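Keep in mind the model is a prediction, meaning the values are calculated, not measured. Only heavy atoms go into these numbers, but all of them, side chains included; no hydrogens, no water, no symmetry mates.
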Amino acid sequence: MTVQVWTYIIVGLTFALYIGIAIWSRAGSTKEFYVAGGGVSPLANGMATAADWMSAASFISMAGIISFAGYDGAVYLMGWTGGYVLLALLLAPYLRKFGKFTVPDFIGDRYYSSGARFVAVICALIVSFTYVAGQMRGVGVVFSRFLEVDINTGVVIGMVIVLFYAVLGGMKGITYTQVAQYCVLIFAFMVPAIFISIQMTGNPIPQLGMGGTVTDGSGAYLLDKLNGLQTELGFDEYTNGSKSMMDVFAITLALMVGTAGLPHVIVRFFTVKKVRDARKSAGLALLFITILYTTAPAVAVFAKTNLIETVSNKEYTEMPQWFKNWEKTGLLTFTDVNNDGKIQYVADKEANELKIDNDIMVLANPEIANLPGWVIALVAAGALAAALSTAAGLLLVISSSISHDLIKKMINPNISEKGELWSARGAAFVAVIIAGYFGINPPGFVAAVVALAFGLAAASFFPAIILGIFYKKMNKEGAISGMIVGMLFMLFYMLKFKFGIFDGGKEAVDSLKDSWWFGISPEGFGTVAMIINFVVALVVNKFTPEPPADVQEIVENIRIPSGAGEAVSH
């Protein structure tokens with residue numbers, strides 16, 4: 001069977017599974033829609049959290065970035081993994097005990113202010129829409145290649161699927177769908193990695209294969225071989241970094257603290273019965289995440305080595321079918337600059353004839369390695385599972401921010417439960433349309449877009465949450481000022497240096513790198529904006545009244561482990 005037939009079969013079966021689960025577990029109340037009824041087991045929640053967390057950026061784009069950035073790509077591994085640990089240990093149990101299942105709900109109640117709630121809703125929407133743009137772009141990339149439709153059509157298909165099970169099932173449907181999606185995505189990521197590791201190094205464990213010797217009889221280590229291939233083409237050695245230490249630190253920290261402020265991950269800790277279960281599911285999720293995250297660098301090394309050996313200085317007419325297939329998508333392009341019929345893949349931008357989108361490397365990797373059609377189709381299904389699981393979680397955050405935090409808590413407190421449920425579903429529908437627009441008109445490749453979402457979360461939510469939990473005298477004036485200033489700084493820097501809004505558009509972005517503040521890239525500026533947020537919040541707090549005594553008492557209580565059983569009922 002052809003790859004396309006295998007793709008229709010495997011993707012069709014997985015989609016049928018997701019839709020079947022959504023119908024079986026459809027939400028009948030707001031509690032089921034928002035927090036799955038609060039009765040999910042730690043194991044199921046751990047798998048669902050891992051699927052929610054490992055988006056298209058983790059599955060498709062992270063190994064792609066590491067393929068081309070080499071050592072520099074490690075910032076994504078360190079930042080995202082470290083951030084999850086920070087979230088699980090420092091924030092999740094306290095937020096769970098506080099008993100508020102959305103970030104705006106926590107901020108609104110902790111800072112005793114509808115103004116704080118409104119600012120938090122706006123921030124949640126900005127972060128979530130930026131993040132979901134990356135997921136819809138990932139869906140479009142997968143469909144464009146494997147179903148042989150254009151990217152825009154692929155995004156529309158993804159919108160319809162995610163809308164169905166997110167709107168029908170709410171958090172209850174999403175949770176059990178994400179358990180299935182975790183199983184699909186981890187199997188799809190590991191199977192080709194194991195095959196290629198055996199093929200290239202004889203070692204079935206990809207993490208060890210990456211550091212092993214190649215099977216071509218030369219006795220060379222794989223990484224030494226890749227370094228040699230890179231330098232022959234004029235690139236830096238794969239194992240050397242080119243980013244400044246300041247930028248590496250800033251990006252890593254922004255990704256870490258951005259993780260801790262991500263609303264769609266935090267809400268997962270409210271779907272279990274007890275605080276103890278929240279801790280258990282956090283630990284299990286970390287274990288499930290580690291499987292993919294330790295394998296991604298190996299996949300990157302395998303993919304880059306195979307790519308260079310397959311295409312560099314080879315006749316274009318002799319290129320295998322996978323090359324032609326990806327050319328049709330526009331994500332891989334060959335321009336014969338010197339008209340010799342050979343592909344010159346070199347570091348010199350003027351002489352280079354091959355342009356490759358980072359996001360295709362994981363998806364093209366099994367094809368480059370000549371793996372069976374069913375393995376290639378399985379990777380497509382895994383990529384869709386990763387993108388759709390996170391997209392669904394984000395859409396739920398968007399819909400609950402609007403229906404629960406904005407409509408019920410601020411506009412119409414007397415709305416019926418049925419009315420609130422319908423407003424949540426309506427908000428999810430509108431959110432899917434907007435997300436689809438961003439997927440069709442993406443601001444960059446998947447992981448870069450997602451990194452910006454993390455920066456926005458770091459700049460806005462992290463200081464307000466940390467100070468809200470650990471500093472009982474933090475008041476509403478300080479928190480609101482910090483969130484607004486931090487978010488505005490991050491948005492300004494992102495628009496200026498990532499999109500060139502004030503300096504001539506996207507074409508001028510590369511020339512603006514010398515003007516980065518402190519040498520920090522837009523992906524890392526969330527760290528600076530977060531520090532600004534902390535400073536503004538603490539300074540304003542010093543010159544404004546203390547919070548009420550009852551609020552200070554609540555903050556004291558959420559840090560006391562004893563009696564940490566059932567959270568406050570909503």
| message | Does Phe15 have more than 12 heavy atoms from other residues, nucleotides or ligands lying within 6.0 Å of its CZ? | response |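 Above 12, so yes.
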
| Worked check of ring-ring contact (aromatic ring centres under 6.0 Å, His included) between Phe189 and Phe59 | CA-CA 7 Å; Phe189 200 81; Phe59 190 100; 5.2 Å; yes

| Residue that, paired with Pro522, satisfies side chain to side chain contact (heavy atoms under 4.5 Å, CB included) out of Leu495, Ile251, Leu452 | Leu452

| Applying the side chain to side chain contact (heavy atoms under 4.5 Å, CB included) test to Lys225, which of Thr213, Asp216, Val301 qualifies? |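 Between Lys225 and the candidates, side chain to side chain contact (heavy atoms under 4.5 Å, CB included) is satisfied uniquely by Asp216.
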
| Worked verdict on Ile157 versus Thr153 for side chain to side chain contact (heavy atoms under 4.5 Å, CB included) | CA-CA 6 Å; Ile157 295 169; Thr153 306; 4.3 Å; yes

Smallest separation among heavy atoms of [X] and [Y], with atom names:
X	Y	value
Leu17	Ala180	CD2-CB, 3.8 Å
Met319	Lys314	CE-CB, 3.6 Å
Ile376	Leu371	CD1-O, 3.6 Å
Pro192	Val379	CG-CG2, 3.5 Å
Ala457	Gly258	CB-O, 3.5 Å
Asn365	Phe302	OD1-C, 4.2 Å

| task | Report the relative orientation of the aromatic rings in Trp374 and Phe195; use parallel for angles under 30°, tilted for 30 to 60°, perpendicular for over 60°. | result |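 If you compare the ring of Trp374 with that of Phe195, the planes turn out perpendicular.
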
| Lys342 and Glu353: CA distance, side-chain angles, deciding distance, salt bridge (Lys or Arg N to Asp or Glu O under 4.0 Å) verdict | CA-CA 9 Å; Lys342 290 185 177 180; Glu353 299 176 339; over 6 Å; no

What I want to check is whether the side chains of [X] and [Y] have a donor and an acceptor closer together than 3.5 Å.
X	Y	value
Thr333	Glu327	no
Gln344	Asp340	yes
Ser197	Asn203	no
Asp247	Ser521	yes
Ser67	Asn358	no

Taking the side chain as everything from C-beta on, heavy atoms only, tell me whether [X] gets closer than 4.5 Å to [Y].
X	Y	answer
Tyr293	Thr81	yes
Glu367	Gln321	no
Leu292	Met62	yes
Phe288	Ile186	no

| said: Here's one to test your reading of the geometry: is the NZ or CZ of Lys304 within 45 degrees of the ring axis of Phe235 and under 6.0 Å from its centre? | reply: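 Yes, a cation-pi geometry holds between Lys304 and Phe235.
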
| said: Check for me whether Lys355 meets the cation-pi criterion with Phe334, that is, NZ or CZ under 6.0 Å from the six-membered ring centre and within 45 degrees of the ring axis. | reply: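 No, Lys355 does not lie over the aromatic ring of Phe334.
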
| query | Leu354 and Phe323: side chain to side chain contact (heavy atoms under 4.5 Å, CB included), yes or no, with the steps? | reply | CA-CA 11 Å; Leu354 186 67; Phe323 191 95; 3.7 Å; yes

| message | With rounding to the nearest 0.5 angstrom, report the OG1 to CD distance, Thr215 to Gln199. | response |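 Spacing of OG1 (Thr215) from CD (Gln199) equals 8.0 Å.
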
| message | Is there a side chain to side chain contact (heavy atoms under 4.5 Å, CB included) between Val432 and Val160? Walk through the geometry before answering. | response | CA-CA 8 Å; Val432 168; Val160 172; over 6 Å; no

| query | Which is it for Leu284 and Met47 under the side chain to side chain contact (heavy atoms under 4.5 Å, CB included) test, yes or no, and what are the steps along the way? | reply | CA-CA 7 Å; Leu284 287 166; Met47 294 175 84; over 6 Å; no

| task | Dump the intermediate steps for side-chain hydrogen bond (donor to acceptor under 3.5 Å, both in side chains) on Ser61 and Asp359, then the final yes or no. | result | CA-CA 5 Å; Ser61 203; Asp359 291 337; 2.6 Å; yes

| ring-ring contact (aromatic ring centres under 6.0 Å, His included) between Trp516 and Phe525, intermediate numbers included | CA-CA 9 Å; Trp516 286 352; Phe525 192 74; over 10 Å; no

